[in-house]
Amino acid sequence: MTQRNTTPVPRKIPFEFPDDINPQWIPGRNELAAMINGGSLTMPYLEPFLIRTMREAAEQVCDTRVKADADAFNRQEGQHFRAHRRFNDLLKRKRYPQLADVEDQMEASYARLSKRSLRARMAYTAGFEAMTMGVTKWLIGKRIGLFRNADPRVVSFVLWHMVEETEHKTVAHDVYKALYGSSLGAYWARMVGVFHGSLDVIKFSMRGYRSILKQDGVWTNFRARLRLAREMAGFVWNVGPYLFRAALPGHDPRNEPDEPWVLEWLAAYPDSNPDDPPLVDTGHPTMPVPFAPAKTMQAAA
Ligand SMILES: [Fe+2]
Ligand SMILES: [Fe+2]
């Protein structure tokens with residue numbers, strides 16, 4: 001698999017979330033939709049924190065390449081949380097206004113976290129970013145099984161986010177290494193950050209999906225709990241190994257192979273129309289990258 005080694009490209013993609021989107025947007029898998037909606041809820045709180053942390057850290061970095069990558073990282077994350085905020089507004093407006101309580105908890109939590117040392121915040125940032133590689137393997141690598149006939153407007157938005165997470169997967173790690181090096185103390189703090197960043201976001205995502213499933217009236221339903229457990233097992237099975245490897249000394253995100261679908265998406269995007277959201281065909285047996293075949297072939301030629 002080819003690894004990219006270029007500066008990430010900020011893209012402003014006009015994803016829209018009109019009122020006809022069902023918050024249960026995956027047919028027959030309401031628990032999976034609730035889990036992903038819960039994750040989405042965290043983004044407008046998590047990602048601004050990552051941006052503030054990276055901005056502060058990058059000011060102290062001398063390497064111009066790392067600085068440029070950090071700037072591109074921030075611009076990508078800025079687009080992500082704005083799109084997630086629009087989607088989350090739809091969720092609250094249509095069926096789940098009580099999610100605002102979880103948002104209040106996150107606002108307070110990130111305000112507290114912002115008072116920690118820059119090293120602890122950068123370790124959290126790099127640690128969370130390590131988890132996104134596992135989430136990408138889960139959501140993009142298993143897209144055919146997870147998203148069959150799901151609403152393409154939501155699937156395409158979720159997968160775009162994971163494509164760009166792959167594109168900037170090395171940046172937070174590089175900033176951390178540029179500032180703190182590879183000493184035992186720096187490794188220890190980074191390793192703690194892998195679990196701190198990941199488990200903190202998982203905790204708030206779980207509060208989000210619990211609130212959603214309570215509102216749906218299935219939180220205490222045995223069958224719904226079994227389905228939820230199966231979806232959670234899929235998450236842990238795919239993401240767990242990434243967290244384990246990220247916690248080891250000498251970890252480098254460059255050593256994690258990229259999903260071929262991600263590389264196809266990135267190669268085809270420049271020839272697409274930037275005014276059209278790239279919609280994945282969720283009824284297609286292979287769910288190919290969301291660009292017209294002719295354009296994809298031109299890009300490859
Ligand atoms: Fe992001
Ligand atoms: Fe990211």
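Count residues from 1 along the sequence. Both ligands and their constituent atoms are indexed starting at 1 by order of listing.
Looking at residues two or more places apart in sequence or on another chain, you find no ring pair (Phe, Tyr, Trp, His ring centres under 6.0 Å) involving F81. The ring pair (Phe, Tyr, Trp, His ring centres under 6.0 Å) search around F204 returns none, not counting sequence neighbours.
A salt bridge links E167 with R11; the closest basic N to acidic carboxylate O contact falls under 4.0 Å. Using a cutoff of 4.0 Å between basic side-chain nitrogens and carboxylate oxygens, E256 and K137 are not scored as salt-bridged.
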Donor-acceptor contacts under 3.5 Å from residues 222-242 side chains, at least two apart:
from : atom 1 : to   : atom 2 : distance (Å)
R225 : NE     : W219 : O      : 2.7
R225 : NH2    : W219 : O      : 3.1
R227 : NE     : E31  : OE1    : 3.1
R227 : NE     : E31  : OE2    : 3.2
R227 : NH2    : E31  : OE2    : 3.1
E231 : OE1    : R29  : NH2    : 2.9
E231 : OE2    : R29  : NE     : 3.0
E231 : OE2    : R29  : NH2    : 3.3
N238 : OD1    : K142 : NZ     : 3.0
N238 : ND2    : G234 : O      : 2.7

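Excluding waters, the count of protein N/O/S atoms less than 2.8 Å from the Fe ion (ligand 2) comes to 6.
Taking a 6.0 Å sphere around CD of E16, one finds it holds 12 or fewer heavy atoms contributed by other residues, nucleotides or ligands.
Nearest to the Fe ion (ligand 1), among the N, O or S atoms that H161 has, is NE2.
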